[in-house]
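Following this message is one structure expressed as structure tokens.
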Amino acid sequence: MQETASQPASLRRLLRFNRASYALLSGFVLIVGLILYVWQPLVREYLALFDPSIPLWRQVDWLLIGIFAFMTLTIMAGADLRRDTRTVLVGMVGGLVIEAWGTQTLLWTYYTAERPPLWIIPAWPIASLTINRLARLADHLLPQAVTRWLNRLYWLIFPGFYLLMLVFIRPTLDKSLTWMALLTCAVLTLAPGDRRLMTLNFIAGAGLGYFLERWGTTRECWTYYTLQTPPLFAVLAHGLAAAAFWRAREVLVGVWQRRGFVNRMRQEGDPSQN
């Protein structure tokens with residue numbers, strides 16, 4: 001009975017809004033406002049697309065609004081600034097690396113022709129926070145019996161994605177950045193870790209990635225060399241990125257904890273600290 005009663009309580013902790021939630025929301029709004037201010041020409045260009053002869057409700061980008069609303073509410077659920085700061089850091093660096101690789105090899109291009117555009121980078125940590133919440137919620141709600149199936153699914157998803165990646169990026173195999181990306185994905189797939197959480201992050205990332213890619217490619221904000229809207233690789237790549245970011249964050253946490261443990265041992269062994 002006690003275990004059953006604790007489950008709704010832990011679920012409420014995952015979903016509730018707290019002080020950190022509103023601090024995170026403030027940071028989100030600040031970043032969006034900063035992007036709108038710094039890149040004003042892009043904003044004016046977008047607003048110029050509105051046609052006064054067409055009803056406004058037919059011109060509103062409801063998909064974009066829906067994505068932003070969902071991500072905003074999701075990142076506020078169960079916020080923890082210490083944990084979320086690591087997620088933001090990894091998402092920012094990882095997003096910059098991914099965008100640099102894709103745009104430099106011309107796998108995809110932005111309508112501004114920037115390689116990569118800096119205004120897209122903040123979208124990565126925001127998406128990472130959203131995926132983090134979705135994966136944690138799924139981990140909480142799924143029964144333990146599903147774990148072994150997720151472990152098996154891992155060896156279907158990750159090697160399958162690697163094969164798809166080889167096919168999609170074939171035109172850029174002469175690029176050193178592509179070989180670095182292939183090596184990174186191979187190491188990520190074969191490295192030890194929690195297969196269950198890696199799989200959950202992949203699925204959550206691919207789910208969110210579909211809507212992000214659907215919006216970006218159909219609005220021609222970015223275009224893949226295959227001209228698909230979107231290509232399957234791009235959708236699943238969000239899942240791979242989510243798993244990679246989760247793994248990188250866990251490694252950072254482990255390094256930080258070991259560093260703290262070593263420092264405590266040194267202080268306890270140093271008579272001058274007593």
Side-chain angles (χ1 to χ4, degrees), residues 15 17 21-77 79 88 91-92 95-96 98-100 102-103 106-134 137 168 203-239 241-242:
L15 298 177
F17 294 174
S21 301
Y22 297 104
L24 205 60
L25 176 62
S26 300
F28 181 28
V29 173
L30 180 62
I31 291 175
V32 173
L34 185 62
I35 292 174
L36 295 178
Y37 176 77
V38 175
W39 284 277
Q40 292 183 50
L42 298 181
V43 178
R44 289 195 294 268
E45 183 178 348
Y46 178 77
L47 294 178
L49 297 175
F50 282 84
D51 188 346
S53 63
I54 301 175
L56 182 61
W57 67 270
R58 291 178 54 187
Q59 301 183 72
V60 171
D61 195 336
W62 296 109
L63 178 57
L64 179 61
I65 292 176
I67 291 173
F68 263 88
F70 176 77
M71 295 175 68
T72 300
L73 293 175
T74 304
I75 66 175
M76 292 179 66
V88 168
M92 187 77 72
L96 180 60
I98 292 172
E99 293 289 353
T103 55
L106 299 180
L107 285 171
W108 63 86
T109 56
Y110 285 88
Y111 80 100
T112 58
E114 296 169 281
R115 300 169 59 184
L118 294 180
W119 48 265
I120 200 65
I121 303 304
W124 283 93
I126 296 170
S128 297
L129 288 173
T130 305
I131 295 166
N132 173 263
R133 304 293 194 267
L134 295 175
L137 182 61
F168 188 84
I203 295 173
L208 179 64
Y210 171 77
F211 294 99
L212 295 174
E213 292 293 338
R214 182 66 178 173
W215 176 83
T217 54
T218 56
R219 275 61 172 179
E220 298 183 350
C221 184
W222 58 85
T223 304
Y224 290 91
Y225 80 95
T226 59
L227 303 181
Q228 295 168 289
T229 58
L232 177 62
F233 165 79
V235 173
L236 298 183
H238 282 270

| Listed partners of S21 passing side chain to side chain donor-acceptor pair (under 3.5 Å), at least two apart |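 Side chain to side chain donor-acceptor pair (under 3.5 Å) list for S21, sorted by chain: N18.
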| By side chain to side chain contact (heavy atoms under 4.5 Å, CB included) - contacts of Q40 (at least two apart) |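 Side chain to side chain contact (heavy atoms under 4.5 Å, CB included) list for Q40, sorted by chain: Y37, R44.
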| Yes or no on side-chain contact (heavy atoms from CB on, under 4.5 Å) for L137 and L15, after CA distance, side-chain angles and deciding distance? | CA-CA 8 Å; L137 182 61; L15 298 177; 4.1 Å; yes
| M76 side, atom CE; T130 side, atom OG1 - distance, nearest 0.5 Å |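 Rounded to the nearest 0.5 Å, the CE-OG1 separation comes to 12.0 Å.
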| field | Sequence neighbours excluded, every pair satisfying salt bridge (Lys or Arg N to Asp or Glu O under 4.0 Å) that has a member inside residues 55-75 | value |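 Applying salt bridge (Lys or Arg N to Asp or Glu O under 4.0 Å) to every pair that reaches into residues 55-75, excluding sequence neighbours, yields D61-R219.
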| request: For residues Q59 and F50, determine if any side-chain heavy atom of one lies less than 4.5 Å from a side-chain heavy atom of the other. | output: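 Contact flag for Q59/F50 side chains = yes.
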| request: List the atom of G91, the atom of W124, and the distance in Å for their closest heavy-atom pair. | output: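 In terms of heavy atoms, the two residues are closest at O-CB, 3.5 Å.
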| task | For W39, check side chain to side chain donor-acceptor pair (under 3.5 Å) against everything at least two apart and list the hits. | result |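 In terms of side chain to side chain donor-acceptor pair (under 3.5 Å), with neighbours along the sequence ignored, W39 is linked to no residue.
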| field | Separation of N132 CG from I75 CD1 (nearest 0.5 Å) | value |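 Those atoms lie 11.0 Å apart.
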| field | Over all atoms of both residues, closest heavy-atom pair of I131 and G205 | value |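 For I131 and G205, the tightest heavy-atom pair comes out as CD1-CA, 3.5 Å.
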| message | Within this structure, what is the CG-CG distance for the pair L25 and L30, rounded to the nearest 0.5 Å? | response |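 Nearest 0.5 Å value for the CG-CG distance: 11.0 Å.
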| Residue pairs fulfilling salt bridge (Lys or Arg N to Asp or Glu O under 4.0 Å) with at least one residue in residues 27-37, sequence neighbours excluded |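 Every candidate salt bridge (Lys or Arg N to Asp or Glu O under 4.0 Å) pair involving residues 27-37 fails, so no pair, neighbours aside, qualifies.
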| request: Return the set of residues passing side chain to side chain donor-acceptor pair (under 3.5 Å) with T226 (not counting sequence neighbours), or none when no residue passes. | output: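 Counting only residues at least two positions away or on another chain, T226 forms a side chain to side chain donor-acceptor pair (under 3.5 Å) with Q228.
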| What closest approach, in Å, do A79 and R133 show between heavy atoms, and which atom pair accounts for it? |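 Closest approach of A79 to R133, heavy atoms only: CA-NH2, 3.5 Å.
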| request: Taking side chain to side chain contact (heavy atoms under 4.5 Å, CB included) as the test, write out the residues that go with A77, two or more places apart. | output: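 F17.
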| said: With a 3.5 Å distance limit and no angle check, can you tell me whether W62 reaches the backbone of W57 through a side-chain donor-acceptor pair? | reply: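 Yes; judged by distance alone, with no hydrogens or angles, the pair exists.
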| task | Any pair with a residue in residues 46-56 that passes salt bridge (Lys or Arg N to Asp or Glu O under 4.0 Å), sequence neighbours left out, goes on the list, sorted by first then second residue, please. | result |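 Salt bridge (Lys or Arg N to Asp or Glu O under 4.0 Å) check on residues 46-56 returns no pairs.
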| Under the ring-ring contact (aromatic ring centres under 6.0 Å, His included) test, residues paired with Y225 that sit two or more places apart |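 Y225 satisfies ring-ring contact (aromatic ring centres under 6.0 Å, His included) with F168 only.
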| task | Using the test side chain to side chain contact (heavy atoms under 4.5 Å, CB included), find all partners of V32 that sit at least two apart in sequence or belong to another chain. | result |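 For V32, the residues satisfying side chain to side chain contact (heavy atoms under 4.5 Å, CB included) (neighbours in sequence not counted) are F28, L36, F68.
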Indicate every side-chain donor-acceptor pair of residues 207-214 with a distance under 3.5 Å to a residue at least two apart or in another chain.
from: E213; atom 1: OE1; to: W222; atom 2: NE1; distance (Å): 2.9
from: E213; atom 1: OE1; to: Y224; atom 2: OH; distance (Å): 2.9
from: E213; atom 1: OE2; to: Y224; atom 2: OH; distance (Å): 3.0
from: E213; atom 1: OE2; to: H238; atom 2: NE2; distance (Å): 2.7
from: R214; atom 1: NH1; to: T229; atom 2: O; distance (Å): 2.6

Below 3.5 Å, can you tabulate the donor-acceptor pairs from side chains in residues 113-123 to any protein atom, sequence neighbours excluded?
from: E114; atom 1: OE1; to: T112; atom 2: OG1; distance (Å): 2.8
from: E114; atom 1: OE1; to: W119; atom 2: NE1; distance (Å): 2.8
from: R115; atom 1: NE; to: T103; atom 2: O; distance (Å): 3.1
from: R115; atom 1: NH2; to: Q104; atom 2: O; distance (Å): 2.9

